[in-house]
2 protein chains.
Amino acid sequence: MSVTIKDIAKQAGVSYSTVSKALRDSPLVKSPTKKKIIKIAEELGYQPNIAARSLVQKKSYTIGVIWPSVKRMAPAVLITKITDLLEEHSYSTLLSINKIDSAIATFNRFQIDAIVVFGDNRGTIHHSSFKTKVPILYYGIKEHTLFPTIDVNRRFAIKMATEYLQRIGHQRIAYIGDLTDEDPLQIEKRLGYLEAMNVNQTENSKHFLVPTNGLDIHDGYQAAKSLLSDKQSVTAIISGSYDLTRGILRATTELGLKIPSDLSIISYDNITLTEEFDVQVTRVGVPIPRIAQKICETLLSIIEEDEIENSIILEPELSSGDSCATIKSRT
Amino acid sequence: MSVTIKDIAKQAGVSYSTVSKALRDSPLVKSPTKKKIIKIAEELGYQPNIAARSLVQKKSYTIGVIWPSVKRMAPAVLITKITDLLEEHSYSTLLSINKIDSAIATFNRFQIDAIVVFGDNRGTIHHSSFKTKVPILYYGIKEHTLFPTIDVNRRFAIKMATEYLQRIGHQRIAYIGDLTDEDPLQIEKRLGYLEAMNVNQTENSKHFLVPTNGLDIHDGYQAAKSLLSDKQSVTAIISGSYDLTRGILRATTELGLKIPSDLSIISYDNITLTEEFDVQVTRVGVPIPRIAQKICETLLSIIEEDEIENSIILEPELSSGDSCATIKSRT
DNA sequence: TTGAAAGCGATACCAT
DNA sequence: ATGGTATCGCTTTCAA
């Protein structure tokens, strides 16, 4: 049997309602009393019972994160960040990797205050799944008008990268990425590339869309290998993901290419990982901390029942790095 | 405001204690009454309030899974499986990817019934972290005598694979895997290989320990590429992980090697994924369903306060596949 | 400033 | 077979 406020009250010689107030740092309790109570609570290893609290408050101070597509580890970093931020606002985070329906059911029973869904982006989610009164925030491409969505502007990210390379003199720019039409995320990125290439068309410019079989390191390696052994050499590569970039770099190393003197590289990732490349690669995308920050803010607003925008798009930025050189520095 | 048993009671014209019984399918309620109540509950979209229930029962029917090392997606499949099995026993599962200490703190406040920790296997966990009365089950290499552990016998798995290859005539058998001394899991596997190779030593046999830089597909690809282009060719390869195997197969395809006529392959994985190889690869390890099953059983026993073994080691098995051939079939 | 008491939603025991 | 009621741990009025 664990320690309750009554045990503390007995020890401290006060009523248990005083203990409750003291522990919640209420101004209605005198400082010395408060201190005494907090000390005893610590000694006894008191842990508040969330069940009891949420029963009376009708709030659990907990938000649920649904992440059904664990396969891609991309969001892991983001989720960790979100957890940290919410903790600063004294909210707990619960995670579920179940299907959305069953996850929502579980969360419902725990009287969760709000839910964040990490969109799957392949295949649709049935509207019927979202039978709940708990507010939901969706992270991913907007598919429903039912609840607010946060997403990042992938198309503009890649466009931005392409235009940057053009600005520093590149004309033969390749895009390495998943070119199948299954994943809307990947389609967006490709479109960003094409838009920039078509607008700033010159006689020398040509599209180099290099397809991969997936988004693994090895896919980037193979794509780069085949692209770079081709005679019509490119002067710059835009990579569709962090992992692809890692593969591309392995390929360039193997081929003895120097970055950025032989080849410029920009990597897409709003999913920066701690691991380091050999060179500090120039990246484009929305930084994780900003996404996390926005998600938390929105979440808290939703809980407070403030008005929030129904669709929030975060705009990317180009990070500094040393994997890009102006075309003049080359022959 | 959500629906409570009192609302149902009013609608049905019975007392709310009867509703409670009916909803829990108690034999103390007559069938027609029960049916009526259940029907009304459904119509009203009743969701039981876990907080209230666990408050009185001192049980939450929820188990917490701590998985701090999200980086490796290996356990994802296992966790999903465990979740499913527990659901069959009407237990919910909550997941945390936070550090163990903070995860335990959260779980504690939710009055969770038991915790499973997925061991990190790199670096130690501080004993002090485990300040909790909630029973803990540890999955990974045993480091503590404080709480029960479940693990798989990796060493014997690889030994088994090696001996099998020897039995069907192979002498030049390579092991491709992470050969650094950081990860105890990987060390175990290597030892299994060495044990078998040393015991069944012949004049022709020789160790082929091929190191990789990690456990990604590309690592397997590179290792296989360098091994197989060597003149002292091997007749069989044992792969240290599923992803390595995928890379090895890409390498053999590229080199035009036929499996199993040119080369036999056995892959270690207790982490079988749904994705298919080109060939049906022979695998060794403890099948995921068996691990999940054992973890759930043990968990439920712990909750029932039954006596359980302090250390459970699951023994591997060799799956059938068509990536191995006897050495006689080759020149 | 502190204490007493009501009540959150569900369960379980004791009466009918 | 059904109803009444105490109870779980805590927050929150309302009194003192």
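A, B, ... follow the sequence lines: proteins, then strands. Residue 1 opens every chain.
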Arg290(B) side chain to Glu315(B) backbone, donor-acceptor under 3.5 Å:
yes

Parallel, tilted or perpendicular: rings of Phe110(A) and Phe110(B) (30°, 60°):
perpendicular

Identify which nucleotide among dT12(D), dA6(D), dG9(C) has an atom closest to any side-chain atom of Ser20(A), counting heavy atoms from C-beta outward.
dT12(D)

Would you classify Thr4(B) as touching base, sugar-phosphate or nothing, given that sugar-phosphate means primed atoms plus P, OP1 and OP2, and contacts are heavy atoms under 4.0 Å?
sugar-phosphate

Rounded to the nearest 0.5 Å, what separation is found between the CG atom of Asp7(B) and the CD1 atom of Ile40(B)?
11.0 Å

State, with a plain yes or no, whether a side-chain heavy atom of Ile5(B) is found less than 4.5 Å away from one of Tyr46(B).
yes

Just N and O in the side chain of Lys59(A): are any of them under 4.0 Å from OP1 or OP2 of dT11(D)?
no

Side-chain donor/acceptor contact of Ser15(B) with base of dG4(D) under 3.5 Å
no

Lys35(A), NZ atom: more than 12 neighbouring heavy atoms under 6.0 Å:
no

Quiz item: Lys21(A) side-chain donor-acceptor pair to dG3(C) base, under 3.5 Å
yes

Taking 4.0 Å as the cut-off, does a side-chain nitrogen or oxygen of Thr33(A) come that near to OP1 or OP2 on dT2(C)?
yes

Nearest-nucleotide check on DNA chain D, Pro48(A) vs Ser17(B); residue mapping nearer the 5' end is Ser17(B)

Does Tyr61(A) have a side-chain nitrogen or oxygen under 4.0 Å from the phosphate oxygens OP1 or OP2 of dT11(D)?
no

Check this one for me: any side-chain N or O of Arg24(B) less than 4.0 Å away from OP1 or OP2 of dT11(C)?
yes

Do the charged groups of Glu297(B) and Lys294(B) touch, with an N to O distance under 4.0 Å?
yes

Inter-end axis angle, the helix from dT1(C)-dA16(D) to dT16(C)-dA1(D), with every axis fitted to five base pairs (rounded, 10 degrees)
50°

Can you see if the side chain of Gln57(B) gets near the phosphate of dA12(C) - specifically, an N or O under 4.0 Å from OP1 or OP2?
yes

Return whichever of Leu28(B) or Asn49(A) has its heavy-atom-nearest nucleotide of DNA chain D closer to the 5' end.
Leu28(B)

At less than 4.0 Å, is any side-chain N or O atom of Thr18(A) found next to OP1 or OP2 of dG3(C)? Yes or no.
yes

Under 4.0 angstrom between Tyr16(B) side-chain N/O and dA12(C) OP1 or OP2
no

